[in-house]
Number of protein chains: 2
Amino acid sequence: MESASQSRQADKAKPLISIKDIAKEAGVSICTVSLVLNNKDRNRVSKAVAQRVRETAQSMGYKPNSVARTLRTSRSYALGFITDEIATTPHAGRVLVGAQEAARKLGYILLTVNTGNDRELENQEIAALRQYRVDGFLYAMMYHRVVKIPAELEGSPTVVVDGEDENRKIPSIYPDDEMAGYDATNRLIQAGCKRIVYYGSSITIIAQGERFAGYRRALADAGIPFDEQLVVNVEEATNAASEAGRVFDEIKPDGIFCFNDVRATFIYEAARERSVGIGTDVSVISIDNQPLITDVLKPALTTLELPHYEMGFEAVHQLVAMIDDGAATESLARSEDSIRRSENGPMTPLRCRIIERDSIVS
Amino acid sequence: MESASQSRQADKAKPLISIKDIAKEAGVSICTVSLVLNNKDRNRVSKAVAQRVRETAQSMGYKPNSVARTLRTSRSYALGFITDEIATTPHAGRVLVGAQEAARKLGYILLTVNTGNDRELENQEIAALRQYRVDGFLYAMMYHRVVKIPAELEGSPTVVVDGEDENRKIPSIYPDDEMAGYDATNRLIQAGCKRIVYYGSSITIIAQGERFAGYRRALADAGIPFDEQLVVNVEEATNAASEAGRVFDEIKPDGIFCFNDVRATFIYEAARERSVGIGTDVSVISIDNQPLITDVLKPALTTLELPHYEMGFEAVHQLVAMIDDGAATESLARSEDSIRRSENGPMTPLRCRIIERDSIVS
DNA sequence: CTGAAAGCGCTTACAG
DNA sequence: CTGAAAGCGCTTACAG
């Protein structure tokens, strides 16, 4: 006999009951219990017995032991959530919330791990996750970028969140920044703006290129000629303030599409200094919907929200689809002429939602 | 024989090797392998054999199967991280990062779960976590408050993060808001301020009472009489702006201690409207260190940072101490005259760090 | 110093 | 329709 009371606080908890206990109580074998509780009893167990087993399990408060099940079946219903760094922005943590919610609904649980962009740590954590026999991996980035999937993940179901696999092979969920740029610019055009500044980023991340492309497409669709002079790319820490001033002093636009909310604050500041009325004299729109900023700016900033929650949610859905039906997903990812997903292959850009407030002239 | 190839992408991965494989390769029994790999081989296995086993394990790239170990030992080295809602502020997610880092260092892994303050969901998730046989629970709140521990957690090692157990029985880690109020006020006093406004919160959360208490203590320590007129408690959404104006128009202080960074923005705004120079005419300090705010405010705001990372880190440390040595921790928690922790019992307030910037007159 | 055996809780062919 | 048995990978008394 093994030590009956390991010195742990947990021992005070009520004892966990197993299918063996139920079998004894219901007067059947454990395999009958297993069959019934897994709903595999059709044509195998009499209705009466099945009913009795279910009631017994219910009344005894039976909860299956996931660990034992995992050992036996090699399916853990656990997903590894790997992130470089969570919560740099208030919204980034929402991808974890979305992922967690989807996982719960699908009967999965999330094991989360931060790596802080340290490749060695990342490998170490992936190994740890494997020891726990996770069924698949979410590889979540802090912001939309091209990612190199760690070789350690090879062969395991994986989906990239807020990033794009460099080879466009691994399913990737990310914000549709081109569409966001289009929608933002188009919103300004709908408000009657003719001379729209793109107040962008001089750092060349994906979002910058895509949003700018969306800006140009919206202009083109509206028949407004593109003017290089209206593009002002800035860096937050250096020239954002001076360039914002130049926007008003030299360019004098009727609409401004800001790369993000932080940049919008520079536009607000410059407008205030010049007594230009945002929402009255000039329309402003941006992207991010950072609560701390939108709370404070007046007039309230109209902006697009990145689909963080949705990315997490969708990623888990796709991952579980791969796990539950690997063969189908595999062939899907391989065939170029697949019917579903034909356009983007395994890539899933998600649209951003516009949050209407008061910074656009109506 | 069971189906050799379940249709899962994971099957492409290299096969997992077990102690059985090592035993065969090294020509010993599996129990010898187990003993050696768990470092329980002293006086039980010859050095030569032990060495051979280790080398074999190494060369075969053996990783123990946590699931099998858990089933056998009832110890999962997994912790349940329960949170009401992650990432409302950029910093809140840092508690998860801190917890995760501590967990990794101690050989544990985190299963995270969000409940969105839904009590029923919470119970459901706790049950799920139990099915995975977590060794203990972190019960993390979004902000410092008194918490009622769910009955479902009873009997399991648990520590509260960013909250205080209402019964002061369950170990709780939270920011030392009284000390933060003291440190902030004292910083102003050190800068020569004599007439210090407390620009606080009219919502009575813990932090408000504590920071105000710290404010009064710092005043008392410095021999500055407390003046009720200098206390201005506001609500962000309603009277913050008008009251900030009143601070300058009627009270005319030389120092202002703001409850948080968001409130500081109202003070900045009011000062600007009146051409009062922050950092030159009046000193301002606050609490939160919200990057999005401190990035934008000029002059840069001196503020105290809440120890989010540290709370997560410390909580995991205490939880693991309970798990590894339950008996000791139990007696500790019960004895009123314990030597360690005598002062606060199971409560651990953590000090906030001051981030010096340019809003205090030097 | 080393190995055979039991068992953690479950699932799954297989035999009846 | 139901049960006995094997086995997932590990640990741990126990016997030698």
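Since the model is a prediction, treat every value here as computed from it, not as a measurement. Letters A, B, ... are given to chains in the order of the sequence lines, protein chains preceding strands, and every chain is numbered from 1.
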For DNA chain D, the dot-bracket notation using Watson-Crick and G-U wobble pairs below 3.5 Å, [ ] for pseudoknot-type crossings and | for other-strand pairs, is |||.||||||||.|||
Of the options [options], whose atoms approach the side-chain atoms of [X] most closely?
X: B:Y62; options: C:dG3, C:dT12, D:dC10; value: D:dC10
X: B:L71; options: C:dT12, D:dT2, C:dC8; value: C:dC8
X: A:V28; options: D:dT11, C:dC10, D:dG3; value: D:dG3
X: A:S29; options: C:dC10, D:dT12, D:dG3; value: D:dG3
X: B:I19; options: D:dC10, C:dT12, C:dC10; value: D:dC10

Under-4.0 Å side-chain N/O to phosphate OP1/OP2 contact, [X] with [N]:
X: A:T32; N: D:dT2; result: no
X: B:R69; N: D:dG9; result: no
X: A:S46; N: D:dT2; result: yes

Once you apply a heavy-atom cut-off of 4.0 Å, does [X] come out as touching a base, just sugar-phosphate, or nothing?
X: B:V67; answer: nothing
X: B:S18; answer: sugar-phosphate
X: A:R44; answer: base

B:K20 vs A:I30, nearer the 5' end of DNA chain D by closest nucleotide |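 Result of the comparison: A:I30.
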Cationic N near anionic O, under 4.0 Å, A:E25 to A:R52 =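 So A:E25 does not pair with A:R52 through a salt bridge.
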Side chains of A:T348 and A:Q318, donor plus acceptor under 3.5 Å =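 A:Q318 and A:T348 do have a side-chain donor-acceptor pair below 3.5 Å.
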B:Q100 and A:E125: side-chain donor and acceptor closer than 3.5 Å?
->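 Present: a donor and an acceptor within the cut-off.
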